[in-house]
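The structure appears right after this line, and notes come after that.
Reminder, nothing fancy here: chain letters follow the sequence lines and each chain counts from 1. None of the values given here were measured: they were computed from a predicted structure.
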Amino acid sequence: VTHRLVIDWIRCDGYGLCGDLVPDIIELDEWRYPILPAGPVDATRLHDVQRAVDCCPMRALRLERAPKDRRSGARP
Amino acid sequence: VNLAWDLPLEAGALRKAGLTFGCGLVGFLGAGACGVAATAGIMAFLARESAGQCGPCVFGLRAVADALDRVAGGDADAGELARIERWTGLIAGRGACHHPDGAAQLMASTLEVLAEDLEQHVRLGRCAMGERPLAAALA
């Protein structure tokens with residue numbers, strides 16, 4: 001099982017805590033809205049990423065279990 | 001670009017040619033019209049029409065529209081086009097709806113199709129369209 005980051009853009013208000021906590025995984029744009037990685041989250045970093053998810057003041061960010069074969073971040 | 005002139009304005013036909021209807025807006029330009037100014041007008045409209053729910057759309061579209069307005073008006077600095085390109089790349093796929101995706105697509109194809117005109121606006125600080133009709137720019 002792999003995990004990927006999912007965001008509710010309507011909830012996100014650009015506090016940017018996620019990007020501050022795991023800057024190597026979540027980049028912030030100049031308005032402090034996150035730029036999420038397209039692929040699954042590195043399994044060794046799940047703990048840190050979960051902390052970033054838990055710290056989201058808007059509860060906009062979540063970590064989702066994704067089947068290994070499903071391509072994440074793909075746009076229609 | 002010439003290929004597009006022969007296609008019917010229909011989503012299926014455009015898709016087959018590897019194109020899309022984008023945000024579904026069609027703007028007709030007169031022979032002497034400035035494509036950059038016209039696009040700046042459409043981008044300003046699309047930025048205003050944001051539902052205001054998602055940050056990348058609210059701030060990103062506004063930033064792109066304002067920057068393109070500066071380019072159209074000849075007030076842009078040398079880094080403006082690079083900023084527009086970066087912001088445009090950060091808009092698509094980062095919203096709850098596809099309004100920003102369509103707007104970003106229009107901006108992306110403008111950067112490609114009107115690249116020369118955009119450069120001229122930045123370099124000369126004005127529009128050079130008077131010397132070069134739009135038909136020539138699109139050929």
Side-chain angles (χ1 to χ4, degrees), chain A residues 2-42 45 49-76, chain B residues 11-12 14-16 18-24 43 46-68 70 76-77 79-109:
Chain A
T2 58
H3 291 77
R4 63 187 187 121
L5 280 163
V6 180
I7 188 161
D8 181 337
W9 284 112
I10 294 177
R11 284 191 170 207
C12 177
D13 270 351
Y15 283 89
L17 293 184
C18 53
D20 291 339
L21 287 166
V22 283
D24 57 320
I25 294 172
I26 300 174
E27 200 190 326
L28 297 177
D29 65 21
E30 41 251 270
W31 301 279
R32 291 183 60 77
Y33 287 84
I35 300 166
L36 300 183
V41 174
D42 178 0
R45 302 298 311 284
V49 170
Q50 184 61 55
R51 197 165 66 108
V53 167
D54 294 341
C55 285
C56 175
M58 299 307 289
R59 297 226 171 268
L61 193 62
R62 45 178 215 281
L63 198 53
E64 237 178 34
R65 287 158 63 99
K68 231 177 198 120
D69 57 344
R70 201 213 286 172
R71 269 182 297 157
S72 58
R75 288 202 301 268
Chain B
L14 290 172
R15 199 158 40 238
K16 265 184 216 148
L19 304 166
T20 77
F21 211 149
C23 55
M43 286 306 296
L46 291 172
R48 275 198 307 275
E49 288 300 299
S50 170
Q53 298 296 306
C54 310
C57 180
V58 172
F59 297 104
L61 282 191
R62 191 197 295 154
V64 168
D66 288 352
L68 189 60
R70 286 193 291 274
D77 63 42
E80 202 83 274
L81 292 178
R83 276 195 297 276
I84 291 177
E85 193 169 355
R86 184 163 52 86
W87 288 331
T88 300
L90 285 178
I91 291 171
R94 291 173 75 224
C97 80
H98 293 300
H99 172 78
D101 301 19
Q105 204 167 29
L106 169 68
M107 193 60 243
S109 55

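- Residues A:W9 and B:G95 share a closest heavy-atom pair of CD1-N, 3.5 Å.
- A:Y33 and B:F59 have tilted rings, their planes meeting at an angle from 30° to 60° on a 0 to 90° scale.
- Of the charged side-chain nitrogens involved, none lies within less than 4.0 Å of a carboxylate oxygen, so that B:R83 and A:E30 do not count as a salt-bridged pair.
- Of all the listed residues (B:G52, B:P56, B:C57, B:A63), the one sharing the greatest number of non-hydrogen pairs under 4.5 Å with chain A is B:P56.
- Residue B:R86 places its CZ atom among more than 12 non-hydrogen atoms of other residues, nucleotides or ligands, all under 6.0 Å distant.
- The side-chain heavy atoms of B:R94 and A:L36, taken from C-beta on, include no pair separated by under 4.5 Å.
- Other residues, nucleotides and ligands place no more than 12 heavy atoms under 6.0 Å from the CD atom of A:E27.
- The distance from the SG atom of B:C54 to the CG atom of A:D8 is 7.5 Å, given to the nearest 0.5 Å.
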